[in-house]
Amino acid sequence: MAFLFAQFLTGLANASSLFLVASGLSLIFGVTRIVNFAHGSFYMLGAFIGVTLMEILPGHFGFWGSILLTGLAVGVIGAFVEIVVLRPIYRAPELFQLVATFGVILVIQDLALMIWGAEDRLGPRAPGLRGVWRIFGEPVPKYDIVLIAITPFILFALWYLITKTRVGVLVRAATQDREMVGALGVNQAWLFTGVFALGSALAGWGGALQLPKGGADLLMDFNIIGAVFVVVVIGGMGSLPGAFIAAVLISVLNVLGVTYIPQSTLVLMFVVMAIVLIIRPYGLLGREEVAGEHGQVGAPETPIRPYGPTGQAVIAALLLVLAALPLVVDQFVLILMIDMVVFALFAASLHFILGTGGLVSFGHAAFFGGGAYAAALLVFHTGTPMELAFLFAPLAAGLLALGIGWFCIRLTGVYFAMLTLAFSQLVWSLAYQWRAVTRGDDGLVNIWPSDWLSETIPYYYFTLILGIGGILFLRHVIHAPFGYALRAGRDSPRQAEAMGINVKRVQYAAFALAGVMAGLAGGIFVFSKGSVFPTELEIAASFDALIVVFLGGVKTLAGGVVGAGFMTMVEDWLTRLEYWRLLLGLVIIAVVIIAPEGIVGSIRTAWNKYRGTEEEIAK
Amino acid sequence: MLNVEGIHSYYGKAHILNGLSFEVRRGEVVALLGRNGAGKSTTMKSVMQLVRPRTGRVMFQDDDLVGQPAYRVAKSGIGYVPEDRRIFTDLTVMENLEVGRQPKRKDAPDWTIEQLFEIFPNLAERRGNRGKQMSGGEQQMLTIARTLMGNPALLLLDEPSEGIAPVIVEQMAETILKLKAEGLTVMISEQNLHFARSVADRAIIIEGGEKKFDGSFAELEAHPEIRDAYLSV
């Protein structure tokens with residue numbers, strides 16, 4: 001019993017920094033509607049800045065002063081990011097900003113590498129709090145007790161700020177209707193910057209406070225973001241007490257999990273989240289998100305039309321070029337082309353559910369990697385012939401999508417996005433921790449195609465037929481009645497329901513189809529590489545696809561495919577450089593700011609403008 | 001005080017205001033009349049810069065508002081009460097009023113919460129209630145009170161009589177006259193001609209985003225064909 005209690009205290013102590021980071025994310029989302037993926041990066045910056053300051057400043061004052069200063073410094077960095085990167089694009093389509101925050105992640109990763117180097121830093125012990133106190137005979141680190149004591153004060157301070165001050169009233173008002181707040185004379189731009197700075201500072205404090213229990217390393221940003229999203233979703237988006245309860249819940253479970261079922265630590269929190277969301281779809285203390293309640297209905301979608309004769313001719317010509325490619329180029333280019341087609345199909349499947357279905361999935365890699373793993377597992381464990389195992393990739397991914405979709409489809413907007421992300425993390429943690437089956441991060445190797453496909457050129461045609469075929473099939477579905485129903489559900493769910501469309505069922509089917517296609521891409525991928533690793537299931541893999549779709553243009557059909565081509569080439573070129581992440585991040589941010597409609601969308605707008613001016617002159 | 005000069009406003013590709021011009025003079029109450037879809041709300045939003053006119057000028061006290069952010073328009077002394085009220089439903093009455101609070105202005109009446117509670121006694125009783133717990137009429141009063149907290153010199157009221165009980169509409173008319181007596185300039189948009197006549201000094205009728213009539217209610221009554229053409233359903 002005493003041991004359990006000590007465990008509980010450890011969990012509570014761990015919860016404090018998790019709560020800080022999560023409350024910052026929740027606050028930023030509530031006001032700006034930005035899902036700030038870079039939040040984990042601010043946490044990492046907090047850890048590195050904290051370590052550096054603690055080395056300079058000695059003693060009690062130095063330690064606690066360093067923590068205080070770290071938060072302020074990260075807050076300033078956050079304000080800088082908001083002003084430079086986000087402010088120019090608030091008017092861009094909703095959720096476009098998240099691509100920019102992903103660019104910020106890459107930039108911060110490389111900047112941290114440049115400044116602090118690749119080596120992990122161990123956090124210093126808090127002066128005067130090095131030992132343990134015995135509680136019911138069990139040792140509990142003194143620093144843990146201090147953290148447990150501090151956290152309620154932080155919660156209270158935040159609660160006071162939000163509920164009792166003018167700033168808090170404005171923040172809550174802006175959460176509901178920011179345009180109206182502006183029309184009442186409040187400069188939202190500074191409100192946004194302030195909230196973003198505060199949220200970043202909270203993440204920075206979280207990073208600095210955990211130092212004596214951990215340290216600083218370059219993987220912290222992605223390592224925490226999954227847990228933070230889970231906490232925010234379980235607690236309810238925008239609810240501070242909810243974030244606190246959820247942080248405690250997750251941290252305590254984690255400590256107990258490490259003790260009793262060490263193989264399941266990563267999976268545990270996602271299972272808890274799934275259970276909570278089945279009972280309370282908007283989290284413990286969250287409230288329902290109503291679409292369009294924030295007074296920011298954008299311009300109506302331009303209807304998508306099938307290509308006319310010119311467009312079809314261009315596509316046909318392009319296909320001929322692709323088919324003739326092996327005659328002119330070497331093997332290296334063909335392999336790059338295979339990567340590109342695989343990525344294009346993966347991106348097209350995400351675009352299908354995101355652009356046409358209006359469902360922003362943050363965890364699409366689960367189906368790509370899931371398909372790849374399904375085929376690889378069959379080959380690896382049972383020696384199934386490639387042809388059969390390959391068929392299993394889209395099938396398994398489709399089944400996985402049916403399973404995940406069953407939970408996710410009932411939610412909308414950011415809850416949907418968060419839940420898909422969490423489920424993809426669940427799949428990732430299975431692949432990572434269930435070593436007996438998946439061999440963990442050693443991956444599954446020697447997954448080669450049958451003899452008739454083992455050369456590059458046959459496999460290139462195999463890829464071309466299935467990959468391009470998949471993309472064309474998705475396009476066909478979009479222009480079929482099913483696609484109309486899907487688009488109707490996206491643009492006006494109520495009217496669609498009134499017309500007799502079962503919106504949720506249509507979305508469920510579309511989600512499954514997107515899963516099948518992503519799985520197909522995963523199947524082609526695994527046999528082209530001969531191996532698969534958990535990295536294919538990581539958050540970063542899902543984000544890559546998201547970036548590609550947004551860069552290409554969400555509202556254009558070719559967006560996903562063009563974006564994938566652009567990205568594969570840019571990455572192929574950039575990764576030869578040492579600080580390629582920094583450059584790629586800057587490229588992403590630049591594209592987002594300069595071409596907020598994506599590559600295809602911007603070209604089309606420019607073209608229409610050009611033709612439009614001609615017409616006006618003709619008049 | 002307010003001079004709108006030839007504004008063209010669009011929603012996406014839809015051309016809503018077509019070279020609209022009009023004037024509001026200090027101290028008067030002007031009614032903007034027209035059918036559904038005539039462009040009344042867009043006119044109000046174009047003054048507030050919630051919709052940006054593509055061409056034309058919106059001169060307010062010798063300052064062109066076009067292109068300025070909405071918060072600056074509000075700070076320069078224009079209070080806006082939207083048609084769909086848009087109160088903050090999760091905030092209490094007192095908090096809603098707090099959002100609207102701005103420093104006082106030389107050229108406009110200065111409001112305190114106590115004065116507003118005198119004009120809107122219902123709000124005083126419900127000061128601790130959240131916006132979503134209030135009736136339509138109470139919400140309408142709250143949104144006017146919230147805007148008055150900004151001490152505006154010119155008040156834009158978009159369809160204040162819409163969707164509230166007839167008894168409350170009468171109260172609303174009295175309130176508008178009271179505001180006028182305090183020295184406020186008011187522009188209301190209305191479909192209810194009877195209500196407009198009871199509060200306004202002058203009528204502006206628009207149709208298809210163009211001005212069709214500008215004059216007193218006596219003139220309007222002398223020309224029933226105008227009313228028939230642009231107001232009756």
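Quick note: numbers below take in every heavy atom, side chains included, and nothing from hydrogens, waters or symmetry partners. Proteins get letters first, then strands, A, B, ... in listed order; numbering begins at 1 in each.
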Hits for ring pair (Phe, Tyr, Trp, His ring centres under 6.0 Å) against B/His8, two or more places apart or cross-chain, chain-then-number order -> B/His15

Residue pairs passing the side chain to side chain donor-acceptor pair (under 3.5 Å) test with at least one member in residues 140-149 of chain B, sequence neighbours excluded, are none

Result for side chain to side chain contact (heavy atoms under 4.5 Å, CB included) between B/Leu116 and one of B/Ile144, B/Leu123, B/Leu148 points to B/Leu148

Looking only at A/Leu170, A/Val181, A/Val169, the option with the highest number of non-hydrogen pairs under 4.5 Å against chain B is A/Val169

What I want to check is whether the side chains of B/Ser189 and B/Glu159 have a donor and an acceptor closer together than 3.5 Å.
no

If one checks every heavy atom of B/Gln102 against chain A at 4.5 Å, the contacting part turns out to be side chain

Of the listed B/Asp90, B/Val73, B/Asn96, the one with the largest count of heavy-atom pairs under 4.5 Å with chain A is B/Asp90

Whatever's closer than 4.5 Å to a heavy atom in chain A on B/Arg101 counts as both

